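Worksheet for the structure shown next.
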Amino acid sequence: MVIVLEKNISNADKDELKSFLEKNNFKVNEITGEEETILGAVGKMGIDPREVEILPGVSRVIPISKPYKMASREYKKENSVVEIPNNRGQIVRIGGSRLVSIAGPCAVESREQMMSVAKHVAASGAVMLRGGAYKPRTSPYAFQGLAEEGLKYLKEAGDAYGLPVVTECVSAEHLDAMKKYKIDCLQIGARNMQNFELLKKVGAVNIPVILKRGISATIEEWLMAAEYLLSSGAENVILCERGIRTYEKATRNTLDLSAIPILRSLTHLPIIVDPSHAVGIRDKVPPMGLAAVSAGADGIIVEVHCNPEKAFSDGAQTLYPEQFDKLMRDIDVLAPVVGKETTRIRNQISLSTSENENNKTKKTDNVVCAFSGSRGAYAEIAIQHYFDKQSESFPCKNFREVFQAVSDGKADFGMIPIENSLAGSVYDNYDNLIRFADVSICGSIKLRIEHALICNKGTNLDSIKTVYSHPQGFAQCTEFLSQYPDWKLVECSSTSEAACNVAKKGSADCAAIASEQAATVSKLEVLKSGIEDDPRNYTRFIVIKPNNTSTNENISSLVSESSTGMKLASVAFVTKNEPGALMSCLEIFHKASMNLTRLESRPIQGQPWRYMFYVDIVLKDSTSNDVEISTDSLNTVIDKLKSQTEDVRLLGVYSEVN
Ligand code: PEP
Ligand code: MN
């Protein structure tokens, strides 16, 4: 059963409640959620739930209707995120807002094989390395794996590229070896999904586990297997759909993609998909990997080998590194459509600047990122995605205040919208980039904007008279609003402030256009979601940080070493006031074969009819094979610009998260 605690329960009452449950043979687990704290109590139901409901500090008791308890959504409302650290202290999170890709060969064959495949998959963006050292083969005469030697090579290769490793555990006898080689994540293979003795022992060591779906297991049987792991002590369980056996012979198995949305409602556990074992045919793996992402999977696990024809096992379904690289690039493009980013093992440049000495008001070790608006603003969602929840957000009244907070060292970073795919540039922020010369761009992220009509409980479309939003919110929902010509539209400084206004009024005659997250923050209800005119509605945010390096003296220190994604440089310049001046500047970019993705002009304050031009230069486009433009070439271009212009500023060299 789930016991929802009252917000103000005393520690003494909580302790008493726990010991009452334990005395009655329940296993108790406290879960602190965003809205409420609960105790999950699992055991044989020897007492009447009403006996618990009357205890002090208990708000209500919900019996769990499903046969699986700890795995059920009733037990835990929020999605679980499994955290697996690498040897550099970075954390791979499975189940959050980011997609993960795990890659590697079916079996570990040699040290060289593992080193070369790890290098390739890491460069393409895999965040974990797979490889079987104990292989459950249909034939006893087939290659059975290198055993301990395999674990050693797997771990060595993972450590060399900062990739945590996952390998299958076929027998509890191997658990000591798994611990000895510091295996980061164990896999329970399809053939062992219902090996309950193995599940109990693996659960007890409490190492993260990927639990594959059994070859002919129902979703309920699969969740019961997860329950074995959880109830034996495993705190981190990831489900992996890998295809089930059906009458269809064209593929090795049939990939049950519908299991993903079904599982989402039944369980809080992260869900990944293995398209390799599902289809069994190399060329059919990438489309099913993309389909898994589209269906809402938290990630994929795929077999990759530098020489799949020579692979000791599963060669026919194993991707070449180039195919994996293409799949990763396609996932990068698809991710924002499903509201996600891809996880990359990044250099910690961006996070380590939190040790910045001029921290005047920072109280915590976390990265602090400022944004304009109140809680639930789109910029705050962008912060959560960009820093993968490893940051604290710091609300400011307006964009200028965000720049000021970064410049003063009150925040390590700022998250600033710069352009929207429907409404165009946010001019204020181009001006702020010039106004605050001690701030530079260090990153960028594209966020899909989905608007919702949110309101107080009891509101319906007929009771609404006034709608609050930011002018951009109204502009992006004109078709929806045109159905309600009588509604009065009131502009606010942000969509999150609009949500706060509605919450403050508390009445059923008003609503706000804002994010669903703003509804959660302001305790409002979502009346209608996805009301934007065009679902392809993206805002590009830039991440700003204090700039300790002036203009182009040390470009490389500004470069984020993200392995994929678009790498850009932003430059601002003031042309001479003469015919052809802009043309001669553009000529410089052209001659250096630089692709410009943006050209903006802004009037210079106090100098009527003089303009500042802004350009974004593509240094590396991950979707093309063009070589990256070097720091030297960029410096040369900036020097040439200096001779043609009155002023030049390098605003930043940075990578886009997607
Ligand atoms: C594997 O991942 O190599 C494997 C054997 O998978 P499954 O258990 O899904 O067949
Ligand atoms: Mn395999």
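Both counts, for ligands and for their atoms, begin at 1 and track the order of listing. Just so you know, residue 1 is the first one in the sequence shown, and it goes up from there. Any value given below was found using the heavy atoms of this structure, including those in side chains, with hydrogens, waters and symmetry copies removed. Bear in mind that the values here come from a model prediction, so they are computed numbers and not experimental data.
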Metal-centred angle, OE2 of E303 through the Mn ion (ligand 2) to NE2 of H277, rounded to 10 degrees: 90°
Degrees at the Mn ion (ligand 2) between the SG atom of C106 and the OD2 atom of D314, nearest 10°: 100°
Ligand 1: protein residues within heavy-atom distance under 4.0 Å: C106, R130, K135, E168, Q187, G189, A190, R191, K212, R242, H277, E303
Min side-chain heavy-atom separation Y538-R540 under 4.5 Å: no
Main-chain N/O of G89 paired with N86 side-chain donor or acceptor, under 3.5 Å: yes
Whether E148 side chain and L146 backbone form a donor-acceptor pair below 3.5 Å: no
Does the side chain of [X] pick up a donor-acceptor pair with the side chain of [Y] at under 3.5 Å?
X	Y	value
D283	Q323	yes
Q517	E380	no
H305	D314	no

Aromatic ring pairing F387/F413, orientation class (parallel under 30°, perpendicular over 60°, tilted between): tilted
